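By convention here, the first residue in the shown sequence is residue 1. When a ligand or atom number is given, it counts from 1 through the structure's own listing order. As the structure is a computational prediction, the values presented were derived from the model and not from experiment.
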Amino acid sequence: MQTDNQVIVDGLTFEPYLTRDEIASQVKRVAGEIARDYAGKKPHFLCVLTGAFVFASDLIRETGLNDSNISFIRYKSYEGTSTTGSVKQIIGLTDDIRGKDVVIIEDIVDTGLTACRMIEDLKEQGPASVRFATLLYKPDSSQTGFIPDYTAFEIPPKFIIGYGLDLDGKARNLPDIYVIKEN
Ligand code: 5GP
């Protein structure tokens, strides 16, 4: 449900936080950094489902890296509006990434547990390099000290939805990003 500028999902109220224009401009900046770092290379983008599918789709098109590949992987750690503390792999990697320059594309880094687990799993498969691009990064929530290589926005430790990010599967379709309203 959408009333004025607020969005209500499962009884929780969310307020506008980042507009589609602000998102597009930061996605373009990150894509430019990746394009510069991978010029002449064939990066293998790895989109982390489900939340990163919107970001990944915009990001890879902005890079202009026509020789790149993309595949998908799925991890889950959140239920409702908080982390469960345990990270589960739901869909594994089907492509061979041995010797490839892998760029993981994630929607949000919160505790950093998913990022660390993913990088550990991937390194076992012998890539030439692994870097990490995220739309959102909550430095104050980190439990791991993990710092992404590419970040579109650093944000405070608040729950966000929209532009691919969900609340129990809902609200991924919102073109803008919303933050949970504090009472
Ligand atoms: P971490 O393992 O870093 O704690 O969390 C990573 C995952 O938690 C993200 O891929 C995302 O699925 C979920 N997550 C963390 N913070 C948020 C948030 O503010 N909103 C939503 N929708 N998901 C989040």
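Of the heavy atoms in Glu106, only side-chain atoms (C-beta onward) come closer than 4.0 Å to ligand 1. Here Asp107 has side-chain heavy atoms under 4.0 Å from ligand 1, and that is the only part of it that gets that close.
Phe53 has its ring centre no less than 6.0 Å from the ring centre of Phe72.
Considering Leu122, Ile105, Val103 in turn, Leu122 is the only one that fulfils the side-chain contact (heavy atoms from CB on, under 4.5 Å) rule with Leu46.
The pair Arg131-Asp101 fails the salt-bridge criterion, with no side-chain N (NZ, NE, NH1 or NH2) lying under 4.0 Å from an Asp/Glu carboxylate O.
Within ligand 1, the atoms closer than 4.0 Å to a non-hydrogen atom of Lys158 are 19 (O), numbered from 1 in the order shown. Taking every non-hydrogen atom of Thr114 and a distance limit under 4.0 Å, the qualifying atoms of ligand 1 come out as 1 (P), 2 (O), 5 (O), 6 (C). Shown in contact with Asp166 at under 4.0 Å from a heavy atom are these atoms of ligand 1, numbered in order with element: 21 (C), 22 (N). For ligand 1, the atoms sitting less than 4.0 Å from at least one non-hydrogen atom of Thr111 are 1 (P), 2 (O), 3 (O), 4 (O), numbered in the order shown with element in parentheses. Ligand-side atoms of ligand 1 in range of Lys138: 16 (N), 17 (C), 18 (C), 19 (O), range being under 4.0 angstrom from any heavy atom. Of all atoms in ligand 1, numbered sequentially from 1 with element shown, those under 4.0 Å from a heavy atom of Ile108 are 6 (C), 9 (C), 10 (O), 11 (C), 14 (N), 15 (C), 16 (N), 17 (C), 18 (C), 19 (O), 24 (C). Close approach of ligand 1 to Phe159 (heavy-atom distance below 4.0 Å) involves ligand atoms 18 (C), 19 (O), 20 (N), 21 (C), 22 (N), 23 (N).
No side-chain N or O of Thr19 forms a donor-acceptor pair with one of Asp176 less than 3.5 Å apart.
A perpendicular orientation is assigned to the rings of Phe146 and Phe132, their planes being inclined by more than 60° (bins at 30° and 60°).
For residues 155-165, the set of pairs meeting the salt bridge (Lys or Arg N to Asp or Glu O under 4.0 Å) definition, not counting sequence neighbours, is empty.
Note: an N/O pair closer than 3.5 Å links Ile160 and ligand 1 by distance alone. An N or O contact shorter than 3.5 Å links Gly112 to ligand 1 by distance.
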Stepwise side chain to side chain contact (heavy atoms under 4.5 Å, CB included) test for Leu135 and Leu165: CA-CA 10 Å; Leu135 173 69; Leu165 288 105; 4.1 Å; yes
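Arg74 contributes no side-chain N or O that, together with a main-chain N or O of Val48, makes up a donor-acceptor pair within less than 3.5 Å.
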